[in-house]
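Notes for the one structure printed next.
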Amino acid sequence: MRAIDIIRRVGPVDLRNVRRDDFLAWVIGLPFLIALLFRFGVPPLSGWLAGSFDFDLTPYYPLIMSSFVVMAPSMVGMVTGFLLLDERDDRILTALLVTPMPFGAYLSYKITAPLVVGFVVTLAGYPIAGLAPIPFGDLLVVALMGSLTGPVSALFLAVTADNKVSGFALTKVLNTINVLPIAAYFVAMPWQLFAGVVPAYWPIKLVWLSASGQPIAGIAAAGFVVNVVAIIAFLRLFNSLIRR
């Protein structure tokens, strides 16, 4: 079965399920609301801090924006994760094992969808926020690296949550894990690289480097490897979970 056939069959079903669930539909639009909040909320806050406490927040704009490049695709991934949990609870995934549709191809679609949507959301949302502009070429790399957070987040929920209810609780754990590497901003290199065990560290680091005019190729290559390894590991765990 061709990839386009899987998209035609499964894509409309996923869209319909997202529309029916107010929470999932709200999560998809949340990255753009956060981008607008950053754009119109952070500069006034910066002015207030400067006037009231003589604290200049502007040097930390790249730090603020680095959180966006993992939050946005992670939220997209959460939607896919919840869809996978629903399908697992309804035993749809188990049934797919005996249908003509290759299960591996189905999982590939489920991984590619949040990656593509996460890339678009990050690429569009970053300039909307407008706090720490970076060159467009760097933004493409940052958005691509950040989009890998989507599949990682989706598979994390699909592997660790027993059902959709526990999935809601685990989203807090997931969000904490994804933004935890931001603390590495205050740690000197090379100790900072210990945060690299968390896949979300790498797109965060790319923003810091690009905003300061430093090259990003080396970190981008390392981050790609770490994120792909994480995706493969989670895929194997999820595949074995479904086939029990």
Side-chain angles (χ1 to χ4, degrees), residues 3 6-7 10-11 14 17-18 24 27-28 31 69-97 101-119 121-122 143-181 193-206 220-244:
I6 295 176
I7 294 173
V10 183
D14 283 347
N17 289 335
V18 170
L24 296 184
V27 169
I28 285 290
V69 301
V70 294
M71 281 195 300
S74 177
M75 290 173 184
V76 175
M78 283 165 48
V79 172
T80 300
F82 281 119
L83 292 176
L84 285 171
L85 288 174
D86 278 339
E87 291 169 355
R88 196 180 74 188
D89 289 345
D90 295 337
R91 304 194 67 81
I92 293 174
L93 296 177
T94 304
L96 283 173
L97 295 175
M101 181 182 295
F103 188 66
Y106 180 80
L107 279 183
S108 296
Y109 157 76
K110 285 293 189 178
I111 295 308
T112 303
L115 193 150
V116 172
V117 176
F119 173 79
V121 169
T122 305
L144 178 59
M145 184 65 65
S147 69
L148 295 173
T149 309
V152 172
S153 300
L155 290 169
F156 173 85
L157 289 178
V159 168
T160 59
D162 294 326
N163 48 53
K164 196 170 181 179
V165 175
S166 63
F168 281 111
L170 283 169
T171 56
K172 298 178 182 179
V173 177
L174 176 62
N175 290 332
T176 301
I177 293 173
N178 282 337
V179 301
L180 192 60
L193 292 177
F194 280 106
V197 297
V198 180
Y201 164 79
W202 301 95
I204 287 172
K205 179 65 174 179
L206 289 180
F224 180 79
V225 171
V226 171
N227 277 270
V228 169
V229 168
I231 290 172
I232 292 174
F234 275 126
L235 273 173
R236 290 180 175 176
L237 287 172
F238 185 67
N239 192 47
S240 63
L241 182 67
I242 297 301
R243 294 178 183 273
R244 284 179 184 174

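What you see is a predicted model, and the numbers here were worked out from it, not measured in a lab. All heavy atoms count here, side chains included; hydrogens, waters and symmetry mates do not.
The main-chain N or O of T171 is found under 3.5 Å from a side-chain atom of N175 such that the two form a donor-acceptor pair. At least one donor-acceptor pair under 3.5 Å links the side chain of W202 to the backbone N or O of G196. S74 places no side-chain N or O within 3.5 Å of a backbone atom of M71 that could act as its donor or acceptor partner.
Of all the heavy atoms in T122 and P73, the pair that sits closest is OG1-CD, 3.4 Å. Shown here for V70 and A200, the closest heavy-atom pair between the two residues is CG1-O, 3.5 Å.
Within a 6.0 Å sphere centred on CZ of F224, other residues, nucleotides and ligands contribute 12 heavy atoms or fewer.
Looking at heavy atoms from C-beta onward, T149 lies in side-chain contact with P203 at the 4.5 angstrom threshold. Proximity of L107 to L235: side-chain heavy atoms (C-beta onward) are separated by under 4.5 Å at one or more points. M75 is not listed as a side-chain neighbour of V121, based on a closest heavy-atom distance of 4.5 Å or more. L155 is listed as a side-chain neighbour of I111, based on a closest heavy-atom distance under 4.5 Å. Looking at heavy atoms from C-beta onward, S147 lies in side-chain contact with L144 at the 4.5 angstrom threshold. Side-chain atoms of F238 and K110, non-hydrogen and from C-beta on, never get closer than 4.5 Å to each other.
When the options L174, I177, L148 are evaluated for a side chain to side chain contact (heavy atoms under 4.5 Å, CB included) with S153, the one that passes is L174.
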Item checked: Steps toward side-chain contact (heavy atoms from CB on, under 4.5 Å) verdict (V229, I232) -> CA-CA 5 Å; V229 168; I232 292 174; 5.8 Å; no
Please tabulate, one pair per line, all N/O donor-acceptor pairs under 3.5 Å involving side-chain atoms of residues 76-85, not counting sequence neighbours.
none

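Among residues at least two apart or in separate chains, there is no salt bridge (charged side-chain N to carboxylate O under 4.0 Å, His left out) pair with a member in residues 230-242.
Partners of L237 according to the side chain to side chain contact (heavy atoms under 4.5 Å, CB included) rule, which considers only residues two or more places apart in sequence or in another chain, are V159, F234.
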